[in-house]
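Structure first, then comments.
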Amino acid sequence: MQLLVDKTGENFLTLLRVEGDNVLVQFISEHGVKKGKPFNDSLRGLFMVGWHYRETSTAIGLERFKQGILEDQQVSYALHQLYPLGRKIKLPDGNVVRVASYANTHRDGYYMFVKDNEDIKRLKITPQWQLLPTEELLRLPYFPAPKTEAELKLIDDFDTWAGGF
């Protein structure tokens with residue numbers, strides 16, 4: 001999946017077909033859901049009005065996850081963004097649960113603890129999990145401490161890689 005992002009960083013286009021400078025593009029949400037109808041344009045024209053290539057996003061990570069790509073930094077990034085603590089999820093069997101831990105990477109996929117009523121279960125994340133609106137998110141206790149130069153550099157490096165998302 002190749003994406004273009006506008007200068008605000010809020011709108012995405014997915015490149016469906018590229019033939020020289022002519023492209024067939026379609027708007028896409030940050031979750032990979034296509035919006036509207038595909039349309040033809042030119043790369044030069046899109047670049048002139050502020051669109052540029054996007055190398056990471058939750059849409060790209062989610063697409064790679066659906067393809068079965070594991071232990072990938074973009075997939076891990078997308079899953080951590082899409083499944084925060086407290087997020088409601090509808091499982092393929094119809095049960096609605098809440099996320100109780102972050103995604104953990106294993107050789108055979110990503111696992112997460114979810115809370116079903118009062119029970120906590122460890123489940124393998126699948127692309128069929130459906131994100132539901134959440135009224136409130138669970139929070140971990142946060143005790144701020146001054147950040148070291150190494151921590152600040154790590155944060156800056158991640159922000160550069162993630163492009164602000």
Side-chain angles (χ1 to χ4, degrees), residues 1-16 18 23 25-36 46-47 50-92 96-115 120-145 147-165:
M1 172 184 277
Q2 280 191 312
L3 287 183
L4 297 175
V5 64
D6 71 349
K7 53 189 162 191
T8 67
E10 296 175 1
N11 297 302
F12 298 95
L13 287 173
T14 181
L15 298 173
L16 301 174
V18 178
V23 292
V25 295
Q26 184 171 10
F27 281 98
I28 189 171
S29 76
E30 66 274 8
H31 300 295
V33 178
K34 292 180 178 176
K35 302 189 287 188
L46 290 169
F47 291 149
W51 291 87
H52 58 277
Y53 284 109
R54 178 69 175 195
E55 296 190 18
T56 186
S57 76
T58 53
I60 292 172
L62 201 54
E63 182 70 23
R64 292 176 140 221
F65 180 62
K66 288 177 181 176
Q67 294 171 6
I69 298 172
L70 303 176
E71 297 186 24
D72 179 87
Q73 63 182 0
Q74 292 183 347
V75 172
S76 182
Y77 174 74
L79 293 178
H80 279 80
Q81 293 295 311
L82 295 173
Y83 298 104
L85 294 176
R87 184 71 186 255
K88 283 186 181 177
I89 306 293
K90 184 175 184 180
L91 301 175
V96 175
V97 297
R98 284 187 182 265
V99 173
S101 76
Y102 292 106
N104 294 308
T105 309
H106 293 276
R107 269 186 288 243
D108 65 336
Y110 291 87
Y111 288 83
M112 181 180 293
F113 285 98
V114 296
K115 188 174 183 180
I120 293 184
K121 303 179 209 171
R122 182 176 178 263
L123 300 176
K124 184 176 180 181
I125 302 171
T126 68
Q128 291 76 32
W129 284 22
Q130 183 181 353
L131 299 169
L132 299 176
T134 302
E135 302 82 35
E136 64 181 71
L137 299 178
L138 301 174
R139 301 273 185 226
L140 288 176
Y142 175 66
F143 303 101
K147 292 181 178 55
T148 65
E149 288 300 317
E151 289 173 321
L152 292 172
K153 177 161 180 10
L154 183 65
I155 291 167
D156 287 343
D157 290 347
F158 179 79
D159 285 344
T160 301
W161 173 80
F165 284 86

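All values below were derived from every heavy atom in this structure, side-chain atoms included, with hydrogens, water molecules and symmetry-related copies excluded. None of the values given here were measured: they were computed from a predicted structure.
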| Sub-4.5 Å side-chain heavy-atom contact between Val96 and Leu132 |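 Yes. Closest side-chain heavy atoms under 4.5 Å.
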
| Just wondering, do Leu91 and Val97 contact through their side chains at under 4.5 Å, heavy atoms? | yes

Of all the heavy-atom pairs spanning [X] and [Y], show the shortest one and how long it is.
X	Y	result
Trp51	Asn11	CZ3-O, 3.4 Å
Phe47	Leu4	CE2-CD2, 4.0 Å
Val23	Val18	CG1-CG2, 3.9 Å
Phe12	Ser29	CD1-C, 4.4 Å
Tyr111	Arg122	CG-NH2, 3.5 Å
Leu131	Leu82	CD2-O, 3.4 Å

Measure from the side-chain N and O atoms of [X] to the backbone N and O of [Y], and report whether any donor-acceptor pair falls under 3.5 Å.
X	Y	value
Arg98	Arg87	no
Glu151	Thr148	yes
Gln26	Gly36	yes

| message | Under the rule for side chain to side chain contact (heavy atoms under 4.5 Å, CB included), what residues qualify as partners of Ile155, not counting sequence neighbours? | response |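 Testing Ile155 for side chain to side chain contact (heavy atoms under 4.5 Å, CB included), a comparison that skips the adjacent residues, returns Lys147, Asp159.
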
| said: Between Thr14 and Phe27, is the side chain to side chain contact (heavy atoms under 4.5 Å, CB included) condition met? List the steps. | reply: CA-CA 6 Å; Thr14 181; Phe27 281 98; over 6 Å; no

| Considering residues at least two apart in sequence or located in another chain, which fulfil the side-chain hydrogen bond (donor to acceptor under 3.5 Å, both in side chains) criterion with Asp156? |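 So Asp156 forms no side-chain hydrogen bond (donor to acceptor under 3.5 Å, both in side chains) with any residue.
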
| Looking at residues at least two apart in the chain, or sitting in another chain, which of them share a side-chain hydrogen bond (donor to acceptor under 3.5 Å, both in side chains) with Lys124? | none

| said: Quick one, Leu154 with Leu152, criterion side chain to side chain contact (heavy atoms under 4.5 Å, CB included). Give me CA distance, side-chain angles, the key distance, then yes/no. | reply: CA-CA 5 Å; Leu154 183 65; Leu152 292 172; over 6 Å; no

| request: Under the ring pair (Phe, Tyr, Trp, His ring centres under 6.0 Å) rule, what do Tyr83 and Tyr110 come out as? Steps first, then yes or no, please. | output: CA-CA 12 Å; Tyr83 298 104; Tyr110 291 87; over 10 Å; no

| request: Decide yes or no on side chain to side chain contact (heavy atoms under 4.5 Å, CB included) for Ile89 and Val114, but give the supporting numbers first. | output: CA-CA 9 Å; Ile89 306 293; Val114 296; 5.6 Å; no

